[in-house]
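Written below as structure tokens is the structure these notes are about.
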Amino acid sequence: QVQMVESGGGLVQPGGSLRLSCAASGSTFRINAMGWYRQAPGKERELVAAIASGGLTNFADFVKGRFTISRDIAKNTVYLQMNSLKPEDTAVYYCNGPPDKSGDYRYLEHWGQGTLVTVSS
């Protein structure tokens with residue numbers, strides 16, 4: 001019933017910035033706790049950032065100080081602001097529910113198409 005539609009990806013040069021958006025469809029669904037994930041070519045999906053229902057945020061070590069996760073409850077949208085992008089940030093980015101308290105997100109079974117971010121000169 002609930003669908004997450006990611007957008008905002010594209011080609012960007014190293015050091016550039018990009019803001020990804022995740023809009024939740026469905027009139028009964030509301031953005032609360034959410035997570036951003038990514039999957040690079042040939043790699044497993046990994047957690048990038050998460051926001052709890054109370055607003056607390058967590059970030060993977062490799063994006064701390066560069067990425068910010070935020071939400072707009074009125075617009076039912078979660079964002080990922082990415083600054084100082086590096087080639088190793090190249091991946092398909094997905095939004096979904098948050099990981100559990102131990103960081104495990106294997107309980108998440110349904111994933112959207114994501115949005116591709118390519119960082120290259």
Side-chain angles (χ1 to χ4, degrees):
Q1 301 88 350
V2 178
Q3 293 183 336
M4 305 297 177
V5 182
E6 300 94 341
S7 63
L11 176 63
V12 63
Q13 293 184 322
S17 298
L18 210 58
R19 188 179 74 162
L20 306 184
S21 298
C22 175
S25 64
S27 61
T28 62
F29 182 83
R30 297 294 181 269
I31 293 288
N32 287 305
M34 295 292 293
W36 279 99
Y37 308 81
R38 72 185 187 187
Q39 186 169 23
K43 303 293 184 180
E44 296 294 318
R45 201 193 318 271
E46 62 185 351
L47 175 69
V48 176
I51 185 167
S53 61
L56 293 176
T57 57
N58 290 315
F59 299 92
D61 288 340
F62 50 81
V63 302
K64 285 183 178 178
R66 300 190 296 121
F67 290 10
T68 301
I69 185 172
S70 62
R71 65 190 176 195
D72 187 329
I73 300 298
K75 295 182 178 179
N76 217 25
T77 302
V78 62
Y79 304 96
L80 183 68
Q81 178 66 48
M82 306 184 295
N83 300 319
S84 302
L85 284 162
K86 305 174 180 179
E88 52 263 44
D89 294 319
T90 296
V92 177
Y93 285 72
Y94 304 87
C95 64
N96 212 322
D100 62 24
K101 62 182 181 180
S102 66
D104 194 342
Y105 51 88
R106 289 178 292 177
Y107 78 97
L108 298 169
E109 298 180 349
H110 305 287
W111 298 85
Q113 292 184 305
T115 185
L116 176 63
V117 173
T118 302
V119 185
S120 176
S121 60

Original post:
Among pairs that include at least one residue of residues 73-84, which meet side chain to side chain donor-acceptor pair (under 3.5 Å), considering only residues two or more places apart or in two chains?
Top reply: Ser17-Asn83, Gln81-Asn83
Subject >> Partners meeting side-chain contact (heavy atoms from CB on, under 4.5 Å) with Val117 (sequence neighbours left out) >> reply: Leu18, Leu20, Met82, Tyr93, Val119
**OP:** Return yes when atom CD of Gln113 has more than 12 non-hydrogen atoms of other residues, nucleotides or ligands closer than 6.0 Å, and no otherwise.
**Re:** no
**OP:** Write down the atom of Met4, the atom of Cys22, and the distance for their closest heavy-atom approach.
**Re:** CB-SG, 3.8 Å
Subject >> Path from Leu85 to Ile69 over hydrophobic side-chain contacts below 4.5 Å >> reply: yes
Subject >> Smallest separation among heavy atoms of Leu108 and Trp111, with atom names >> reply: O-NE1, 3.3 Å
Subject >> Counterpart residues, side-chain contact (heavy atoms from CB on, under 4.5 Å), relative to Ser102 (two or more places apart) >> reply: Asp100, Asp104
**OP:** Write out all pairs satisfying salt bridge (charged side-chain N to carboxylate O under 4.0 Å, His left out) with one or both partners inside residues 45-57, taking only residues at least two apart or from two chains.
**Re:** Arg38-Glu46
Subject >> Reported NZ-to-CZ distance for the pair Lys86 and Phe62, which is rounded to 0.5 angstrom >> reply: 10.5 Å
Subject >> Qualifying residues under side-chain contact (heavy atoms from CB on, under 4.5 Å), relative to Pro99, sequence neighbours excluded >> reply: Tyr37, Leu47, Ala50, Tyr105
Original post:
Quick one: CG on Leu80 to CD1 on Ile51, what's the gap to the nearest 0.5 Å?
Top reply: 11.0 Å
**OP:** Just jot down the side-chain contact (heavy atoms from CB on, under 4.5 Å) partners of Asp61, sequence neighbours excluded, or say none.
**Re:** Lys64
Original post:
What heavy-atom pair brings Cys95 and Met34 nearest, and what distance separates the two atoms?
Top reply: CB-CE, 4.5 Å
Original post:
Just how far is it from atom CZ of Arg71 to atom OG of Ser21, taken to the nearest 0.5 Å?
Top reply: 15.5 Å
**OP:** Starting at CG of Leu11, measure out to OG of Ser121 and round the result to the nearest 0.5 Å.
**Re:** 9.5 Å
Subject >> Minimum side-chain heavy-atom gap Glu6-Trp36 below 4.5 Å >> reply: yes
